[in-house]
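This report refers to the structure that appears directly beneath it.
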Amino acid sequence: MSVKRKSNWYIYFTAFGVTLAFVLVAIIAFKWYLFPDEKTQTGVNSNGEIVQNYRPTEKDNFNAMFMLSQGAADNPDLFVLIEYNAVENRIVLIPLSSGISVRSHGKSLPNVYAAAGGQGVVDVVKDITGVKCDSYAMFDRNSFTSLVQSFGNVKYNVPKTVIISDNFSAEIINAGEKLFSADTLFSYIMQVDFGEGELYRFNIVGDIISELINQNYRELDNSRLNSLFNSIYNDCETNASRQDFTSHLASFLYMVDYGVSPAEYYIPYGEYTNDGGFDISDNSIITIKQKAGLI
């Protein structure tokens, strides 16, 4: 007489379920290895050099907001939109009037920063210009001069004799070619009254910082770029992460090898308003977007 065996299907089903769960956990645990994030470092070998045949693409482009204050306890009073176009090996510095937000937000950029921090400034600039910043960094005198000292001095043809005054001492900088240290550079762009208005100062700021980059970028390598990033990350208020840096490292190294005077500047034009604001021209906003590679 034959005996009918009881089915053990539920045992196999349970074993299959446990195995499947094990596999899913393993995939999640090693996701960084099996499915690398787009922001992980690519294009750089173990020696810190760009790999053969690497070429930057549009995903390597980014925008950042640079802010500078007199001291650690002060609100920033210099705002520069930085547009990095990796495809074209170009860095565009765009100094922004502190009053650009008055019309739409009822307060200046320093007041926006005081109320909402760096991210608040980023949001306002996006609202006005249409350019979204991927990150921001707020420097004071100490963090700015430390970064410049690591990067290098700058030779600059001073257009006219000016006086640097900080209410305690005064220094005369005569017209002509000068070698600016980090401290003198900070004082020149932050404390000099050029006597010709905000837009003239912005031209000075854009010109001299562009020269600073163009005169020193060839000396950068993997080690120095890491050192500069660490200086920003450790000494500034910033939302930039190391992952942000490593994801763009290859394009930075590519610019060092193949860029030709990559830094330039653009001063937005428009009209000052009776309430202390500054309305950027629509055509100027188009130019800002074009330089960012958005249109």
Side-chain angles (χ1 to χ4, degrees), residues 64-82 91-100 108-114 118 121 136-217 219 228 231-232 234-238 261 263-269 272 276 278:
M65 178 57 59
F66 166 87
M67 297 172 283
L68 184 58
S69 70
Q70 292 282 354
D74 300 322
N75 289 329
D77 53 16
L78 177 63
F79 300 83
V80 181
L81 173 61
I82 301 175
I91 302 171
V92 184
L93 309 172
I94 306 176
L96 299 174
S97 172
S98 63
I100 64 170
S108 66
L109 289 181
N111 288 336
V112 170
Y113 177 85
V121 173
Y136 65 83
M138 209 287 272
F139 293 77
D140 59 20
R141 180 174 193 135
N142 289 336
S143 55
F144 177 79
T145 55
S146 176
L147 183 73
V148 174
Q149 285 169 352
S150 300
F151 191 56
N153 296 326
V154 55
K155 289 182 180 179
Y156 186 66
N157 189 16
V158 177
K160 68 176 184 177
T161 298
V162 293
I163 299 176
I164 295 176
S165 177
D166 60 2
N167 298 323
F168 296 101
S169 61
E171 176 187 357
I172 297 176
I173 297 184
N174 293 314
E177 188 172 275
K178 306 294 179 186
L179 180 64
F180 279 70
S181 67
D183 283 309
T184 305
L185 175 60
F186 177 87
S187 298
Y188 187 64
I189 64 177
M190 293 293 285
Q191 295 173 344
V192 170
D193 180 4
F194 293 101
E196 298 187 40
E198 185 178 58
L199 294 183
Y200 181 85
R201 178 198 175 206
F202 284 170
N203 275 279
I204 294 294
V205 169
D207 193 23
I208 195 169
I209 297 182
S210 294
E211 284 298 318
L212 173 70
I213 296 171
N214 289 335
Q215 292 175 26
N216 293 284
Y217 79 100
E219 304 304 317
L228 291 174
S231 179
I232 295 172
N234 295 324
D235 300 336
C236 299
E237 176 199 331
T238 181
S261 296
E264 61 184 59
Y265 69 97
Y266 173 73
I267 308 301
Y269 59 89
Y272 287 92
F278 181 76

Mind checking side-chain hydrogen bond (donor to acceptor under 3.5 Å, both in side chains) for [X] and listing every partner two or more places apart, or none if nothing turns up?
X      : value
Tyr266 : Ser284
Ser143 : Asp140
Ser69  : none
Tyr113 : Glu237

Using the test ring-ring contact (aromatic ring centres under 6.0 Å, His included), find all partners of Tyr272 that sit at least two apart in sequence or belong to another chain.
-> Phe278

By ring-ring contact (aromatic ring centres under 6.0 Å, His included), Phe139 pairs with (sequence neighbours left out) Phe66

Salt bridge (Lys or Arg N to Asp or Glu O under 4.0 Å) contacts touching [range] (sequence neighbours left out):
range            : result
residues 142-163 : Lys160-Glu196
residues 69-82   : none
residues 201-216 : none

Is there side-chain contact between Thr161 and Ile173, with heavy atoms separated by less than 4.5 Å?
-> no

Close side-chain approach of Leu96 and Ile94, heavy atoms under 4.5 Å | yes

Review item, side-chain donor-acceptor pairs of residues 175-182, under 3.5 Å, at least two apart:
residue : atom : partner : partner atom : Å
Ser181  : OG   : Thr184  : N            : 3.3
Ser181  : OG   : Thr184  : OG1          : 3.1

Can you list the residues that meet the salt bridge (Lys or Arg N to Asp or Glu O under 4.0 Å) rule with Glu264, with sequence neighbours excluded?
-> Lys291

